[in-house]
Student: 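Pasting a structure below so you can have a look.
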Amino acid sequence: AAKRAGRGTCRFFEMDMSEEATRTLQIQQAMREALDKDYFSLHFQPKFYGHDGALAGAEALLRLNHPTLGLLSPAEFISIAERNGQIVPIGYWVVREACRQIRRWQAQGFQPTKVAINLSPRQLAQQDLLAKIVEILREEQVAGDQIMFEITETAAMHDVRRTADMVRAFQHSGFEVAIDDFGTGYSSLAYLQRFRVRQLKIDRFFVDGLDKQSDEGTAIVSAIIALAHSLGMDVVAEGVETQSQWDKLKALRCDEMQGFLLGRPLTPEAFGALLGARTGRAARRTSALAPIE
Ligand code: C2E
Ligand code: MG
Ligand code: MG
Ligand code: MG
């Protein structure tokens, strides 16, 4: 019986493997067609200031909408694109499309907001990454301070010296940099001061911890925020889903927050509506300050 169970288990395993392999091949093929056939799109998730709740910017998040595979999340396709290098051309498409969207919002009369773009390890390994990004912004006529870049802690720690050089070069060219998913990698905190990034994004895992009964979750987030502030960095909390998380993060002086409680990733049109509402409010505030005749 044991032998039969063993064989059965083994067959299951092989079936899973081949299903996964087939899926991977389908996604690779989908990505090969995607740039030509316009299957990619960007969604924009709003970020808000902790102190007053005003809109602070957006994170651009890639989507792959395939006619037969459906809407794929980056969780499924980015790692495949990263492994076979497809992420490199896709990544340049993301930068260009983000620029074009910024210009579209500008043309609609909205006040500018900063858009954060994710960069993965394979992209960071490109020697001409920064030069190509600068070139795209020049072609699309977007200023460097309209865009910032996020690199995960794990990617940053892969080669600390190179990351430090890259961060310096990006900042020298006028781009702010954030460390993404902070706390999930294995960084020695001492390395943080070598990067000198603008923002630290605390991973969702720690934000979840704020809702637990024990005080430990709060202690950890409090320590990360204190450390970041002492190094002159702003802190962004990812994955804020509950009011009590917002309240605690605000009390801990977290600079910016992002999460489903505040706003899901939105289509460009829906994010534009958010920008429009803000523009309207700002306009009213300005007119309220105008002298009364
Ligand atoms: P990330 O950069 O950490 O982006 C945040 C992810 O958390 C997004 O998932 C977002 O939808 C999700 N999220 C935001 N708020 C909440 C929340 O309150 N609860 C929960 N459960 N999730 C929340 P998404 O869009 O599926 O992206 C996953 C990852 O894929 C990103 O993680 C990023 O590492 C990568 N990615 C996305 N777009 C790009 C891209 O254009 N280029 C590269 N290289 N990577 C990208
Ligand atoms: Mg990110
Ligand atoms: Mg993140
Ligand atoms: Mg994350």
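These figures come from a predicted structure and were not determined experimentally. One-based numbering, in listed order, for ligands and for the atoms of each.
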Student: Give the atoms of ligand 1, by number and element, whose distance to some non-hydrogen atom of Q123 is under 4.0 Å.
Tutor: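 It comes down to these atoms of ligand 1: 44 (N).
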Student: For R204, is there an ion pair with E241 - N to carboxylate O distance below 4.0 angstrom?
Tutor: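 No, no charged N to carboxylate O under 4.0 Å.
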Student: Tell me, please: is E59 in heavy-atom contact with ligand 1, that is, under 4.0 Å?
Tutor: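 The answer is yes, since E59 has a heavy atom less than 4.0 Å from ligand 1.
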Student: Applying a heavy-atom cut-off of 4.0 Å, say which part of I78 lies close to ligand 1: side chain, backbone, both or neither.
Tutor: side chain
Student: May I ask which of R63, E97, E238, R204 has a heavy atom nearer to atom 7 (O) of ligand 1 than the others do?
Tutor: R204
Student: Which of the atoms of ligand 1 are close to P265, meaning less than 4.0 Å from one of its heavy atoms?
Tutor: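 Per the distance check, 11 (O).
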Student: For E140, is there an ion pair with R100 - N to carboxylate O distance below 4.0 angstrom?
Tutor: yes
Student: N/O of Q45 under 3.5 Å from N/O of ligand 1, yes or no?
Tutor: yes
Student: Any salt bridge linking D234 with R198? Criterion: basic side-chain nitrogen under 4.0 Å from a carboxylate oxygen.
Tutor: yes
Student: By number and element, which atoms of ligand 1 are closer than 4.0 Å to a non-hydrogen atom of V94?
Tutor: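 Counting atoms of ligand 1 from 1, those under 4.0 Å from V94 are 41 (O).
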Student: With heavy-atom distances below 4.5 Å as the criterion, would you say the side chains of H158 and T163 are in contact?
Tutor: no
Student: With heavy-atom distances below 4.0 Å as the criterion, list the atoms of ligand 1 near S120.
Tutor: 44 (N)
Student: Is it the side chain, the backbone, both or neither of D180 that has a heavy atom closer than 4.0 Å to ligand 1?
Tutor: side chain
Student: Show which atoms of ligand 1 fall inside a sub-4.0 Å distance from at least one heavy-atom site of E241.
Tutor: 17 (C), 18 (O), 19 (N), 20 (C), 21 (N)
Student: Got a salt bridge between D165 and R168, using NZ or NE/NH1/NH2 to carboxylate O under 4.0 Å?
Tutor: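 So D165 pairs with R168 through a salt bridge.
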Student: May I ask you to check whether L62 has an N/O atom sitting below 3.5 Å from an N/O atom of ligand 1?
Tutor: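 For ligand 1, there is an N or O atom that lies under 3.5 Å from one belonging to L62.
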Student: To the nearest 0.5 angstrom, please state how far the CG atom of L124 sits from the CZ atom of R162.
Tutor: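 That separation rounds to 7.0 Å.
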Student: Do K212 and T218 touch side chain to side chain, with heavy atoms closer than 4.5 Å?
Tutor: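 Sidechains of T218 and K212: no contact.
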Student: Taking only residues two or more places apart in sequence, or in another chain, which ones meet F195 in a ring pair (Phe, Tyr, Trp, His ring centres under 6.0 Å)?
Tutor: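 In terms of ring pair (Phe, Tyr, Trp, His ring centres under 6.0 Å), with neighbours along the sequence ignored, F195 is linked to no residue.
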Student: Can you count the protein N, O or S atoms that lie less than 2.8 Å from the Mg ion (ligand 2)?
Tutor: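 My tally for this metal is 4.
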Student: Given P74, A60, G239, which has its nearest heavy atom closest to atom 24 (P) of ligand 1?
Tutor: P74
Student: Please tabulate, for the side chains in residues 42-58, all donor-acceptor contacts under 3.5 angstrom to protein atoms that are two or more places apart in sequence or on a different chain.
Tutor:
| from | atom 1 | to | atom 2 | distance (Å) |
| --- | --- | --- | --- | --- |
| Q45 | OE1 | Q258 | NE2 | 2.8 |
| Q45 | NE2 | G263 | O | 2.9 |
| D52 | OD1 | A54 | N | 3.0 |

Student: List every atom of ligand 1 that sits less than 4.0 Å from any heavy atom of V240, numbering the atoms from 1 in the order shown and giving each element.
Tutor: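 That gives atoms 18 (O) of ligand 1.
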Student: Only one of E176, E59, E256 passes salt bridge (Lys or Arg N to Asp or Glu O under 4.0 Å) with K114; say which it is.
Tutor: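 Of E176, E59, E256, salt bridge (Lys or Arg N to Asp or Glu O under 4.0 Å) with K114 is met by E176 alone.
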Student: Is there side-chain contact between D180 and E153, with at least one heavy-atom pair below 4.5 Å?
Tutor: no
Student: So, using salt bridge (Lys or Arg N to Asp or Glu O under 4.0 Å) as the criterion, who are the partners of D38 when residues are at least two apart?
Tutor: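 Applying salt bridge (Lys or Arg N to Asp or Glu O under 4.0 Å) to D38 gives none.
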